[in-house]
Number of protein chains: 2
Amino acid sequence: MVYISVIDEQNRLASAPAGNALPNSAGALFQLLRDGTPRTRSDLTAMTGFARSTISARVEELLDSSLIRPAGENSSTGGRPPSTFAFNPEARSVLAVDLGGTHARIAVTDLATRVLAEKEQELDITRGPVAVLDAVAAVAMELLQEAGRNPKDLLGVGVGVPGPVEFATGRPMSPPIMPGWDHFDIPAHLRRWFAVPILVDNDVNAMARGEHAVAYPGVANMMFVKVATGIGSGIISDGRLQHGAQGAAGDLGHIATPDGDATPCTCGNFGCLEAVASGPAIAAQLRERGFDVPHPAAMLELVRSGDPEALRTVRHAGRQVGSVLAGCVNLLNPSVIVIGGVVSTAGEHFLAGIREAVYSRSLPLATQHLRIVGTQTRARAGVLGSSAMVTGHGLSIENVNRLIG
Amino acid sequence: MVYISVIDEQNRLASAPAGNALPNSAGALFQLLRDGTPRTRSDLTAMTGFARSTISARVEELLDSSLIRPAGENSSTGGRPPSTFAFNPEARSVLAVDLGGTHARIAVTDLATRVLAEKEQELDITRGPVAVLDAVAAVAMELLQEAGRNPKDLLGVGVGVPGPVEFATGRPMSPPIMPGWDHFDIPAHLRRWFAVPILVDNDVNAMARGEHAVAYPGVANMMFVKVATGIGSGIISDGRLQHGAQGAAGDLGHIATPDGDATPCTCGNFGCLEAVASGPAIAAQLRERGFDVPHPAAMLELVRSGDPEALRTVRHAGRQVGSVLAGCVNLLNPSVIVIGGVVSTAGEHFLAGIREAVYSRSLPLATQHLRIVGTQTRARAGVLGSSAMVTGHGLSIENVNRLIG
DNA sequence: CGACTTTTGATTGACAACCGACAGAAGTGG
DNA sequence: CCACTTCTGTCGGTTGTCAATCAAAAGTCG
């Protein structure tokens with residue numbers, strides 16, 4: 001349900017259903033049904049305060065558009081049993097794209113962020129926007145067919161890319177690992193195939209949205225932290241994903257760790273979190289200790305094998321991440337921190353190191369209800385977030401009214 | 001002007017005047033006039049797309065309520081000269097309260113956050129909520145009379161208190177320096193005198209709102225940092241003040257400084273920013289170096305006198321603050337950081353230290369358009385912010401419609 | 001099986017919102 | 001002084017919304 005702030009009768013700040021304050025419309029009614037729970041017309045009149053006749057008309061509109069569908073009948077309470085209606089996630093579909101440095105994951109989802117068809121494949125981002133996006137579009141067409149969906153069916157396209165993005169225009173802004181993509185108009189190019197709204201965001205922001213939508217839908221303040229080649233985060237504050245002034249918010253990788261570590265970083269500074277706790281940094285530390293770690297996957301195997309030295313190294317890296325996150329907790333006071341990225345798959349020791357450092361260095365008021373957890377959506381976080389980004393904008397009151405009208 | 005996100009004709013994410021999507025109403029029209037610029041009826045028809053007759057009716061409503069007032073005539077363009085209308089900040093007044101540990105500043109302002117009457121006085125917060133709020137109410141009544149305003153005239157009351165607040169209820173939550181205030185219902189108590197909406201927030205959040213409203217109204221992402229006995233901040237992201245999950249967001253005081261300093265802090269940890277760069281910490285450092293610094297004011301005098309050793313100490317403290325802010329910049333990517341609090345009045349050396357550390361440790365993308373500045377509103381930031389908090393809620397579309405209807 | 005209850009859909013009339021048209025007001029320019 | 005332009009207020013007409021009523025549908029209960 002969508003809530004807005006109002007001052008209630010006691011002149012206190014409170015929350016009220018948006019339907020009371022916003023204009024009555026099919027779109028507003030739809031927001032009440034969006035949680036998927038079946039409701040009767042009577043439920044809706046009680047929730048909105050509008051007349052049954054008005055609700056009936058609105059429900060009919062929504063049924064016609066197939067955005068809601070009949071959901072059976074409730075049991076009778078002595079008279080005719082009421083018929084119920086619920087959000088119909090099958091009404092439209094969403095194309096969700098998650099681009100990484102070397103791989104792309106592409107999915108077709110329904111409106112409830114459920115995957116209908118999905119494919120992951122190698123795709124080198126350095127091949128440039130035209131080659132990459134053309135390849136993405138080709139796979140997308142296959143997936144749409146596989147899912148039995150028509151391109152006309154799409155509500156929109158969501159794309160996550162591994163670099164900062166100017167969210168309003170969908171253009172990457174000076175991305176360090178995406179040569180040729182700077183200021184490229186991704187929506188314009190993709191619109192050659194898909195004549196629908198196209199939204200682009202940073203990949204970690206997309207992952208934050210995915211985890212939020214699927215696993216923590218009611219949480220207003222959370223962080224998603226990705227620890228892999230780099231270390232980044234997506235921030236959701238007050239229920240909204242935060243981009244910052246240049247779309248560069250959430251970059252944890254080059255925050256200095258508090259213990260005065262002087263490891264040099266690729267950015268030119270010393271002691272950056274990325275230089276001491278990222279996947280490559282952990283692998284380097286293990287090599288220093290005589291282990292044979294030719295590639296990141298080998299590091300994970302070593303840790304999973306239970307080698308004590310490797311576990312200590314990973315746990316220490318976790319503490320480093322946690323020491324930086326402790327500052328983030330004091331600053332943002334989130335309810336949940338989700339840890340994702342390949343390094344987080346190394347096991348519980350990494351997470352334990354993070355928790356240890358956060359709970360020892362953050363303020364009690366901020367940590368008393370704080371949960372630090374591993375990702376539930378794992379490798380799918382990105383595509384799920386791209387999908388949630390599209391439904392978040394595409395199922396707004398205004399847009400639903402447009403879809404119907 | 002109020003903007004909302006929509007997908008435009010090109011299916012791109014863009015901004016459009018709220019009047020297009022929100023229902024037409026006097027409140028919505030008022031938002032277009034709220035910037036204070038005089039506009040003609042024709043201007044408004046062009047901005048909203050509504051018929052002149054509709055606009056005329058709405059303008060009349062707003063004139064009747066005195067929320068807008070005639071603002072003279074524009075010069076003729078060949079025919080009858082159009083009359084213009086502008087926001088009338090005198091229509092109502094606001095009671096703004098800024099409570100500190102030992103002082104209170106109370107002001108009556110107009111709707112444009114301009115002070116009409118103001119008083120600062122000693123008031124020990126440890127005397128407890130009843131004694132303090134009763135004293136505040138008494139002063140407020142005097143100030144209302146001094147400003148020639150009636151209590152009925154109030155749009156609302158805004159209060160800043162030196163501790164965490166549950167914003168929705170206006171109750172302090174485990175405030176460390178406010179004995180007797182924990183969970184006290186401040187709005188309920190003040191409502192005995194003022195039967196209007198009463199909003200309560202943390203004092204640093206209020207200062208952030210004040211500086212934002214008066215000096216940086218268009219900036220969507222900024223931080224206000226107060227360096228005094230403690231070190232705290234107010235965060236404005238995406239144009240909204242962020243409270244975090246427990247209203248504890250913005251606490252910089254107990255973030256660990258990156259250089260591994262081991263100074264013990266009152267919180268039980270080591271190397272907290274507050275332990276190395278707050279007013280008392282700087283005073284302690286100066287005492288260690290043989291200076292006679294019996295109280296905080298003496299520290300300021302010493303620095304203002306230009307003593308090189310004192311300047312070095314202050315500059316070093318600035319660097320410590322900056323090293324923590326560098327992380328905040330990477331995390332939040334603000335456009336502006338405003339430095340306030342008594343320590344910031346010590347001179348440019350403190351600010352210089354902050355800038356030095358931030359610009360050396362933050363990412364170029366985040367710092368290229370970043371400004372780090374001293375407060376313009378100074379000691380008034382708190383009351384101005386309390387006032388802005390009230391107008392921000394009280395002049396919303398819904399509330400203006402209520403004021404008129 | 002019949003009386004009663006509850007839900008649903010259709011109809012109707014009241015009402016408010018909004019628009020366009022019109023006439024009057026207040027200027028400019030020849 | 002008059003033609004023309006631009007702005008303003010008013011009025012009637014249209015539209016769409018909403019609430020009340022009613023009859024039919026579909027169940028429960030005795």
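These figures come from a predicted structure and were not determined experimentally. Labels below follow one simple rule: chain letters A, B, ... track the order of the sequence lines, proteins then strands, and each chain is numbered from 1.
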### Query
How does each nucleotide of nucleotides 20-30 of chain C score, in 5' to 3' order, for protein heavy atoms under 4.0 Å: base (B), sugar-phosphate only (S), or none (-)?
B---BBBBS--

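Residues forming a ring pair (Phe, Tyr, Trp, His ring centres under 6.0 Å) with His243(A) (at least two apart in sequence, or on another chain): Phe167(A).
Under the 4.0 Å criterion applied to side-chain N and carboxylate O atoms, Glu73(B) and Arg80(B) are not assigned as salt-bridge partners. With respect to the salt-bridge test (charged N to carboxylate O, under 4.0 angstrom), the residues Arg41(A) and Glu60(A) do not qualify.
Closest approach of Arg69(B) to Pro89(B), counting heavy atoms only: NH2-CD, 4.0 Å.
Contact annotation for Ser83(B): backbone-only contact, meaning every heavy-atom pair under 4.0 Å involves sugar-phosphate atoms and none involves a base.
In this structure, the side chain of Asp43(A) engages the main chain of Thr40(A) through a donor-acceptor pair within 3.5 Å.
Taking atom CD on Glu60(A) and atom P on dA10(C), their separation rounds to 7 Å, with Å as the unit. Computed from coordinates, the Asn401(A) CG to dG16(D) C1' distance equals 14 Å when rounded to whole Å. The CG atom of Leu29(B) sits 14 Å away from the C1' atom of dC18(C) (whole-angstrom rounding). One can place CD of Glu61(A) at 14 Å from P of dG9(C), the figure rounded to the nearest angstrom.
Between Arg52(A) and dG9(C) there is no side-chain N or O to OP1 or OP2 distance below 4.0 Å. Taking 4.0 angstrom as the limit, Arg41(A) places a side-chain polar atom (N or O) nearer than this to OP1 or OP2 of dT8(C).
Of the candidates dC18(D), dG9(C), dT7(C), dC18(D) carries the atom nearest the Arg58(A) side chain, counting heavy atoms from C-beta on.
Thr391(B) OG1 to Asp110(B) CG: the interatomic distance, rounded to the nearest 0.5 Å, is 9.5 Å.
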